[in-house]
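Computed from a prediction, not measured in an experiment: that's the story for all the values here. All ligand and atom numbering here is 1-based and tracks the order in the structure.
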Amino acid sequence: MSRTENVDVVVVGGGPAGSTVGGLLAKAGRTVLILERETFPRYHIGESMVSGMAPLMEELGLIEELDARFQHKSGITLRWGRDPEPWRSDFSAAFSSAGSHFTHAWHVTRSEFDELMLDNARKLGAMVHEAAQVTGILRDEAGRVTGVAYTQDGETHRATARFVVDASGQARLLTRELTQTSWQEDLRNVAVWTYFDSYTPIEYKDDILVEAIPSGGWVWGIPLSDTRLSMGYVLSAEKLAEQTRGGRTQRDVFLDCLKNSHVAKTMVDAEALGELRTTRDWSHVCDTFHGPGWVAVGDAAAFIDPLFSSGVWLGTSGAWLAARALDAALGDQGREEQALERFDALYRQLYKDILAYVRFFMDPTRLREEYEERAREIANMVTQSSRVGFISMISGVSAVADVVDFDPMSLEEVEDVLQEWDEQIAASREAGEGGGERSRAQEVKASHKAHPVR
Ligand SMILES: Cc1cc2nc3c(=O)[nH]c(=O)nc-3n(C[C@H](O)[C@H](O)[C@H](O)COP(=O)(O)OP(=O)(O)OC[C@H]3O[C@@H](n4cnc5c(N)ncnc54)[C@H](O)[C@@H]3O)c2cc1C
C-alpha cells in the first residue's frame with residue numbers, strides 16, 4: 001500500500017556522499033530517510049581513496065574498520081612529466097606538516113566500502129530504504145522542494161521533508177531538473193578498465209600508480225589486495241573513437257595502452273586481460289549546489305576526472321559541509337539562505353582548486369618541480385616545500401582545516417558581512433543617500449549571538 005513518510009531530510013542515493021550527509025544529520029538528532037535504488041552490496045568504480053578523507057572517517061567512527069578491511073594506501077607513484085623516471089609522493093608528509101596523526105588512506109572494493117558506509121548511516125540513526133527508486137520531485141506552489149516520490153515493491157510512495165539532498169551520483173536526479181550543468185569540454189574523457197588476479201607490485205607496493213601514456217591519456221594501477229589489481233586507461237572520448245575505427249575494439253586499445261606504458265606493462269600479463277568495463281568520465285559542475293528546500297552533493301553536484309582519485313573525497317567533504325549547513329538551517333529557518341550559501345561557496349572552492357590543478361597537471365610535458373610548485377600555489381600553502389605542497393594538495397589534506405572548521409553560522413563570517421555593509425553604507429552616505437541599514441546589521445549580529453549554532 002502506498003505510504004507517505006515525513007522527516008527532516010530525505011537523501012536521494014546511498015553512495016558515499018549520501019550516507020555521509022544522512023549519517024551525520026542523524027547523528028546530530030535529525031530525522032533522515034535515505035532512498036537507494038539498488039540493493040547493497042552493488043558494484044561501483046572509484047576505488048582509491050585519498051588521505052584527506054581520514055578526519056571524516058574518524059568523525060564517522062570508521063577508521064578501525066577501514067584499517068582492518070582494506071588495503072592501506074601510503075602514497076602515489078607517478079610516471080609523468082618530462083623526466084622519464086618514476087617519482088613518488090608520500091601521504092604522511094602532508095599529515096605531519098599539518099600536525100596530524102594520520103598517515104595513510106585506503107584502496108577499497110567499492111561494493112564493500114559503500115555497504116559499510118550505508119550500514120554506518122543506519123547505525124547513526126538514519127532510516128534507509130534500499131531498492132527504492134526516486135522517480136519525481138515534490139514542490140509546493142512557490143516552487144520549493146518539499147519531498148520526493150519513489151517506487152518500492154511495485155508501489156509509488158512519497159517522502160516529505162524540510163530538505164531533500166541530491167546524492168544520486170551521475171544520475172543527478174534533482175540537479176538535472178533544478179539547475180544547469182556545465183561540462184568541461186577539455187576533460188571529456190572515457191575510462192576503460194579491468195581487474196587482474198595476479199600482478200607484480202611496483203616498488204612502493206601500497207601506492208596507486210598513475211602513468212601518462214605517450215600516445216595520449218593516462219593509466220591507473222590500484223592494488224586492491226596483494227593479489228588483485230584494478231587497472232584502467234583514461235583517454236579523451238575523441239581519441240577512443242579514433243582508435244576504435246576500422247573494427248578495432250576497446251580491448252585492442254587497452255592492449256596498445258599496455259604496450260605503450262613503461263610501468264603498467266611490467267605489472268600485469270596482457271594475456272590475462274579479463275572482461276573490460278567502460279564508462280563516460282566527463283567532468284562537470286552544476287551552476288548551483290542548492291536552492292529552496294534542496295542541496296546537491298557528490299557527483300550529483302560536480303565531478304572531476306579521477307586523475308588524483310578526488311571523487312569520494314570531494315563528494316564526502318561536500319556532504320560533511322552540507323550536513324552542518326542543513327543542521328543549522330533546520331535549527332533556525334531564518335538562516336537557511338546564509339547556511340546554504342556558505343556551504344555552496346566553500347564546496348565550490350574545493351572543486352575549483354582541484355579542477356584548476358588537474359587541468360595544469362594534464363599537460364605531461366612539464367618538470368616534476370613545476371607540478372609541485374603549482375600545487376603549492378593553488379592550495380595557498382604556507383609551507384616552503386613544494387613537495388609537501390603537492391602531496392597536501394592532491395590528497396585533500398591542504399583543505400582539511402577549512403572543511404573541519406566549517407561553521408555555516410560563524411560570527412567571524414557574519415562580521416565580514418557586517419563590514420561589507422558598513423562600507424556600503426559609508427559609501428551611500430558619502431553619496432548623500434542617507435543610512436539606516438546599520439540597525440539591520442546590528443539586528444543580525446544580535447540575533448546570531450542569541451542563537452549560536454554548535
Ligand atoms: C573511471 C572512474 C574512476 C574513478 N576513480 C576514483 C578513485 O580512484 N577514487 C575516487 O575517490 N573516486 C573515483 N571516481 C569517482 C567516484 O566514483 C565518484 O566520485 C563517487 O562514487 C561519488 O560518490 P556519490 O555518493 O556522489 O555517488 P555514487 O557513489 O554514484 O552513489 C550514488 C547512489 O545513488 C543511487 N541512485 C541513483 N539514482 C537514484 C534514484 N533515482 N533513486 C535512488 N537512488 C538513486 C545509485 O544507485 C548510487 O548508489 C572515479 C570515477 C570514474 C568514472
(message) I need the nearest protein heavy-atom contact for atom 34 (O) of ligand 1: residue, atom name and distance, please.
(response) Gly13 CA, 3.3 Å
(message) Give me the residue, atom name and distance of the protein heavy atom closest to atom 44 (N) of ligand 1.
(response) Arg37 N, 3.1 Å
(message) Check this for me: does any side-chain nitrogen of one of Lys259 and Asp256 sit under 4.0 Å from a carboxylate oxygen of the other?
(response) yes
(message) Going by ring-ring contact (aromatic ring centres under 6.0 Å, His included), name the residues that satisfy it together with Phe91, two or more places apart in sequence or in a different chain.
(response) none
(message) Taking 4.0 angstrom as the limit and counting only heavy atoms of Ala171, give me the atoms of ligand 1 inside it, by number and element.
(response) 37 (C), 38 (N)
(message) Tell me the nearest of Ser48, Gly318, Ala319 to atom 7 (C) of ligand 1, using heavy-atom distances.
(response) Ser48
(message) Quick test of your reading of the structure: of Ala167, Ser19, Gly18, whose heavy atom lies closest to atom 32 (C) of ligand 1?
(response) Ala167
(request) Please report which non-hydrogen protein atom sits nearest to atom 28 (P) of ligand 1, along with the residue it belongs to and the distance in Å to one decimal place. (result) His44 NE2, 3.4 Å
(message) Against the six-membered ring of Phe289, is Arg348 placed for a cation-pi contact (under 6.0 Å from the centre, within 45° of the normal)?
(response) yes
(request) Just need the protein heavy atom nearest to atom 19 (O) of ligand 1, so name the residue and atom and give the distance. (result) Asp299 OD1, 2.8 Å
(message) Counting only heavy atoms closer than 4.0 Å, does ligand 1 sit against the backbone of Val134, its side chain, both, or neither?
(response) both
(message) If you take the nearest heavy atom of each of Glu38, Arg110, Glu36, which one is closest to atom 49 (O) of ligand 1?
(response) Glu36
(request) State yes or no: are the ring centers of Phe361 and Trp80 separated by less than 6.0 Å? (result) yes
Could you pull out every donor-acceptor pair under 3.5 Å between side chains of residues 213-235 and any protein atom, sequence neighbours left out?
unit_1: Ser215; atom_1: OG; unit_2: Asn260; atom_2: ND2; d: 3.3
unit_1: Trp218; atom_1: NE1; unit_2: Asp305; atom_2: OD1; d: 3.4
unit_1: Trp220; atom_1: NE1; unit_2: Ser230; atom_2: OG; d: 3.0
unit_1: Ser225; atom_1: OG; unit_2: Thr227; atom_2: N; d: 3.2
unit_1: Ser225; atom_1: OG; unit_2: Thr227; atom_2: OG1; d: 3.3
unit_1: Ser225; atom_1: OG; unit_2: Arg228; atom_2: N; d: 3.1
unit_1: Arg228; atom_1: NH1; unit_2: Asp197; atom_2: OD1; d: 2.8
unit_1: Ser230; atom_1: OG; unit_2: Glu47; atom_2: OE1; d: 2.7
unit_1: Tyr233; atom_1: OH; unit_2: Gly216; atom_2: O; d: 2.7

(message) Could you work out, for atom 1 (C) of ligand 1, the closest of Gly15, Ala191, Ala131 by heavy-atom distance?
(response) Ala191
(message) For Phe163, does the six-membered ring have the charged nitrogen or CZ of Arg30 within the cation-pi criterion, i.e. under 6.0 angstrom from the centroid and within 45° of the normal?
(response) no
(request) Have a look at ligand 1 and work out which part of Pro16, if any, has a heavy atom under 4.0 Å from it: side chain, backbone, both or neither. (result) both
(request) Starting from atom 13 (C) of ligand 1, locate the nearest protein heavy atom and write down its residue, its atom name and how far away it is, to 0.1 Å. (result) Gly46 CA, 3.3 Å
(message) I need the nearest protein heavy-atom contact for atom 17 (O) of ligand 1: residue, atom name and distance, please.
(response) Ile45 O, 3.0 Å
